[in-house]
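Right, one structure below, let's go through it.
So that the names make sense, note that chain A is the first sequence line, chain B the second, and so on, each numbered from 1.
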Amino acid sequence: MGSLKGKGTLSHRHPSQAGAGFLAGQAPRCVDQANLDMNILQLLRERFAQALQNLGVEDPQRWAEHVVVAREERFGHYQANLAMPLARVLKRPPRQIAQQIVEHLPVQDICHQVEVAGPGFINLRLAVEFLQRQLLTLKNDPRLGVPQTAHPRTIVIDYSAPNVAKPMHVGHIRSTVLGDCLYRVLKFLGHRVIGDNHIGDWGTQFGMILFGYKHLRDPQRWEQAPVEELARLYRLVNQLITYHQKRQQLPQLEKQLVLAQEQLQQLQNQPEPASGPEAKKHRRHLRRLQAQVQELQAQVQQLQETLAQVENDPQLASLAQRWPNLEQLVLQETAKLHAGDEENRRLWEQFMPPCLEVLQRIYRRLGVQFDVTLGESFYHDRLPGVVQELLELGIAQESQGAVCVFLPDQQAPFVIRKSDGAFLYSTTDLATIQYRMERWAPDAILYVVDHRQSLHFQQLFATARLWAKRLQQLGRRSPLTKLLQTELTHVSFGTILGPDGKPFRTRAGDTVGLESLLEEAVEHALRIVSQNDEAKPHGPELSPEQRRRVAEAVGIGAIKYADLSHHRTSDYVFSYEKMMSTTGNTATYMQYAYARIRSILRRGQVDVQALRESPQEPMLEHPLEQQLAWTLLRFPEALEEVVQDYRPNLLTNYLFEDLATCFTAFYETCPVLQAPEGPTRYTRLVLCDLTAQVIRKGLELLGIEVVEQM
RNA sequence: GCCCCCGUAGCUCAACUGGAUAGAGCAGCGGACUUCUAAUCCGCAGGUUGCAGGUUCGAGUCCUGCCGGGGGUGCCA
């Protein structure tokens with residue numbers, strides 16, 4: 001895998017933590033046109049397309065997309081803002097066009113009111129009868145109105161991707177949780193989805209445990225708990241290597257600090273320009289330098305602390321002294337593994353199963369699954385061939401001893417083989433694309449990886465496309481040529497921050513282990529659950545065992561929901577308090593809402609199955625009932641939006657802002673069990689049951705569990 | 001230096017891809033519990049969409065230039 005230098009903390013795909021941003025994919029997205037027959041929006045768009053076609057408008061489908069959910073309640077349920085732009089094309093007044101569309105619009109069975117407003121907005125109000133009919137179908141639909149797509153695509157999702165030799169940490173949450181959610185949603189919509197955990201099982205970190213095993217192993221611990229021992233060895237070797245690196249860095253860093261301080265001093269002594277752009281520049285420069293000095297001071301201090309940790313521990317200090325060139329030794333172990341050294345291969349095979357088991361333990365707890373787990377080692381054999389082929393095709397060339405791909409409009413080359421002959425992350429990723437095309441010929445490959453790797457993916461995608469294109473030009477038959485029709489998207493995401501607004505770390509500057517993080521969340525949840533249970537008006541209802549189960553769902557759910565409810569490209573602050581707040585947009589609130597509804601059905605001894613199977617059409621009298629019915633019917637629309645830009649927070653928005661809010665309003669004003677026996681009570685029970693089902697399904701698609709009672 | 005991303009209420013997000021008076025939720029303030037689980041609900045307040053131009057019937061959204069923040073940048077992943 002190469003040098004240990006560099007800034008990574010030696011984790012696969014997710015080296016550490018920081019910043020925000022994302023790179024848009026360039027190929028077609030997972031948008032599906034003629035998809036949802038129970039999707040009201042889709043239905044209306046189709047009707048608009050018909051009307052437009054009759055009016056002789058070109059490309060009616062595209063224009064019909066201007067039909068959207070009404071921006072405000074007073075505009076009705078849906079609105080169409082297409083007459084204005086259409087006016088430019090048809091060269092007629094927009095109001096007139098709107099009027100004409102309305103006259104040709106076949107929506108009598110859907111809407112009870114269609115009106116033209118303002119400069120040419122078309123506002124649509126759904127008919128109560130329509131809502132009632134739809135609700136009747138919906139209430140016994142296990143898919144809750146979400147049809148299977150008519151155009152299934154094959155989609156590979158590359159997510160989680162931890163390093164096997166190293167414990168998972170906070171940096172793995174987002175990729176794992178986001179990827180899992182997208183996996184669930186796409187699958188539910190009827191696509192053929194392949195979840196691939198591209199683990200790091202062949203890199204330097206393995207060299208570390210090989211070295212550790214050979215020289216630092218505690219035989220007794222190894223006998224008793226091999227996995228824990230390997231983790232300990234990894235941490236130990238890593239700590240020693242880091243020590244040496246930092247030892248080397250310190251003088252330089254100190255020099256930098258002095259330099260920056262001098263510069264600052266100098267600038268401060270200079271007379272400040274009176275005004276104008278010069279003064280501005282001066283101030284800006286000053287600010288930057290001040291920030292730099294502060295940053296450097298903090299770094300130096302942290303570095304010294306890290307060094308002291310080793311030096312003040314006699315055992316660690318002696319180990320550090322014993323192997324001053326540990327880095328090289330570890331690299332040698334890695335190189336031997338790659339070269340097929342018998343002993344290292346044997347150890348690798350011995351280590352892998354327990355390492356995978358550790359990962360599996362976390363995935364089980366998180367409820368995350370993969371279809372395949374093909375790590376770096378799996379592609380090992382392909383790497384020389386990939387480089388060879390790219391050289392032959394003239395896509396790559398030798399430069400300064402390394403093999404590089406020089407891409408147009410990019411100053412930095414894409415290095416695919418180092419000057420020492422070793423392969424890189426880039427090589428493996430190319431081989432992985434090749435393999436995925438051979439095996440699945442996917443329509444899309446999604447990489448759920450943090451935003452800092454956007455350049456890498458830009459280069460990777462460009463290189464892979466170049467490769468496919470050249471093969472096609474040469475008329476060679478290769479599964480790779482299909483890549484030209486394949487969507488390649490870097491689903492990037494921002495950083496999880498600590499309370500200080502900096503990447504989430506322990507006080508010592510280490511990353512936080514994922515397992516302890518989950519543990520703490522569940523503990524926190526247990527306190528909340530117990531507190532609530534004890535405060536119930538008729539006394540506690542949950543046994544200790546039940547409380548523990550609920551706490552597990554609440555704690556894990558909170559972490560996931562916090563992640564998924566934020567815009568994926570932005571950073572967010574990790575806080576147990578916030579994520580388990582009982583008010584607001586949290587899993588806890590949604591789970592509670594679910595439990596509450598279930599409690600109603602339980603208390604009323606409602607036969608849910610009979611309720612769902614009843615042929616009786618609900619009767620929506622109260623405006624809030626109608627509102628709730630409509631919101632329930634919009635579930636498919638929400639999922640469609642999620643998939644459009646791979647944004648789960650649009651699902652959480654729907655569940656909380658639209659559905660839960662609407663439900664509680666209904667719940668406050670429309671008594672359910674106390675309503676007189678008959679259509680009203682029946683309808684309200686149906687609404688309750690459906691809300692519960694949609695919440696449950698929605699949370700399930702987010703990878704979050706519900707509980708019947710809490 | 002160069003490249004990429006971001007900037008909307010104190011905070012977290014919307015605004016359906018150029019449409020109507022920029023909307024929600026937290027937090028803040030004021031109300032409502034012998035409850036269908038108050039882990040709730042109702043109301044109030046909160047904005048020059050970082051700044052300045054431009055494109056047009058119409059800009060938070062598109063273009064240009066600034067300001068501010070983050071990330072990346074030839075052999076880490």
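If you check A52(B) for Watson-Crick or wobble pairing at under 3.5 angstrom, you find it paired to U64(B). The partner of A24(B) is U12(B), judged by Watson-Crick or G-U wobble contacts that both fall below 3.5 Å. Pairing for A39(B) is absent, with no Watson-Crick or G-U wobble pair whose two atom distances lie under 3.5 Å. Look at U34(B): it lacks any Watson-Crick or wobble partner with both distances under 3.5 angstrom. C2(B): Watson-Crick or G-U partner is G72(B), with both key distances under 3.5 Å.
For the OP1/OP2 pair of C13(B) and a distance below 4.0 Å, the side-chain nitrogens and oxygens of Ser570(A) include at least one atom meeting the criterion. Between Arg603(A) and U37(B) there is a side-chain polar atom (N or O) within less than 4.0 angstrom of OP1 or OP2. The side chain of His567(A) places an N or O atom within less than 4.0 Å of a non-bridging phosphate oxygen (OP1 or OP2) of A14(B). Checking the phosphate oxygens (OP1, OP2) of A27(B), a side-chain nitrogen or oxygen of Thr583(A) falls inside 4.0 Å. Distances shorter than 4.0 Å separate some side-chain N or O of Tyr592(A) from OP1 or OP2 on A39(B). The shortest distance between the side-chain N/O atoms of Thr664(A) and the OP1/OP2 oxygens of C41(B) is below 4.0 Å. A close approach under 4.0 Å does occur between a side-chain nitrogen or oxygen of Ser599(A) and OP1 or OP2 of U37(B). In terms of phosphate contacts, Arg602(A) brings no side-chain nitrogen or oxygen within less than 4.0 Å of OP1 or OP2 of U37(B). Not one side-chain nitrogen or oxygen of Tyr447(A) sits closer than 4.0 Å to the OP1 or OP2 atom of A77(B). Taking side-chain N and O atoms only, Asn649(A) has a distance below 4.0 Å to OP1 or OP2 of A14(B).
When the nucleotides C16(B), C42(B), G23(B) are ranked by their closest atom to the side chain of Glu641(A), C16(B) comes out on top. Picking from A20(B), C11(B), G25(B) the nucleotide with the shortest atom distance to the side chain of Lys578(A) gives C11(B). Nearest to the side-chain atoms of Arg88(A) among the listed nucleotides G58(B), U40(B), U21(B) stands G58(B). The side chain of Pro85(A) approaches G19(B) more closely than any other nucleotide in the set A20(B), G19(B), C13(B). Between U37(B), G74(B), A22(B), one nucleotide has an atom nearer to the side chain of Arg71(A) than all others, and that is A22(B). With distances taken from any side-chain atom of Asn532(A) to the nucleotides A39(B), A14(B), C75(B), the minimum falls on A39(B). Of the candidate nucleotides C3(B), G74(B), C13(B), C3(B) has the atom lying nearest to any side-chain atom of Gln411(A). Picking from A14(B), U17(B), G25(B) the nucleotide with the shortest atom distance to the side chain of Asn653(A) gives A14(B). Between U73(B), U12(B), C75(B), one nucleotide has an atom nearer to the side chain of Leu455(A) than all others, and that is U73(B). Side-chain proximity of Arg647(A) to the nucleotides A14(B), A77(B), C16(B) is greatest for A14(B).
With a 6.0 Å cutoff to the six-membered ring centre and a 45° limit on the axis angle, Arg596(A) counts as a cation-pi contact of Tyr667(A).
When the C1' atom is compared between U40(B) and G53(B), the two are found 50 Å apart, to the nearest whole Å. Nucleotides C13(B) and U8(B) have their C1' atoms positioned 10 Å apart, rounded to a whole Å. Using P as the reference atom, A15(B) and U56(B) are 27 Å apart when rounded to the nearest Å. Comparing the C1' positions of G19(B) and C67(B) gives an interatomic distance of 30 Å, to the nearest angstrom.
Aromatic ring pairs are classed by plane angle as parallel below 30°, tilted from 30° to 60° and perpendicular above 60°; the pair Phe457(A) and Tyr447(A) is tilted.
Among the atoms of the strands shown, none is found under 4.0 Å from any heavy atom of Ala87(A). As judged by a 4.0 angstrom heavy-atom cut-off over every strand, Ser399(A) is placed among the base-contacting residues.
Open room surrounds CD on Gln605(A); 12 or fewer heavy atoms of other groups in view lie less than 6.0 Å from it.
Taking the O4'-C1'-N9-C4 or O4'-C1'-N1-C2 dihedral as appropriate, U17(B) has a value within 90° of 0 and is therefore syn.
Checked by atom type, the side-chain pair Asn163(A)/Gln205(A) shows a donor-acceptor distance below 3.5 Å. In this model, a donor atom of one side chain and an acceptor atom of the other lie less than 3.5 Å apart for Thr569(A) and His567(A). Inspection of the Glu641(A) and Tyr654(A) side chains reveals no N or O donor paired with an N or O acceptor under 3.5 Å.
Ion pairing between Lys560(A) and Asp563(A) fails under the 4.0 Å rule for side-chain N and carboxylate O.
The aromatic ring of Phe121(A) sits over the base of A20(B), with ring centres less than 5.5 Å apart and planes tilted by under 30°.
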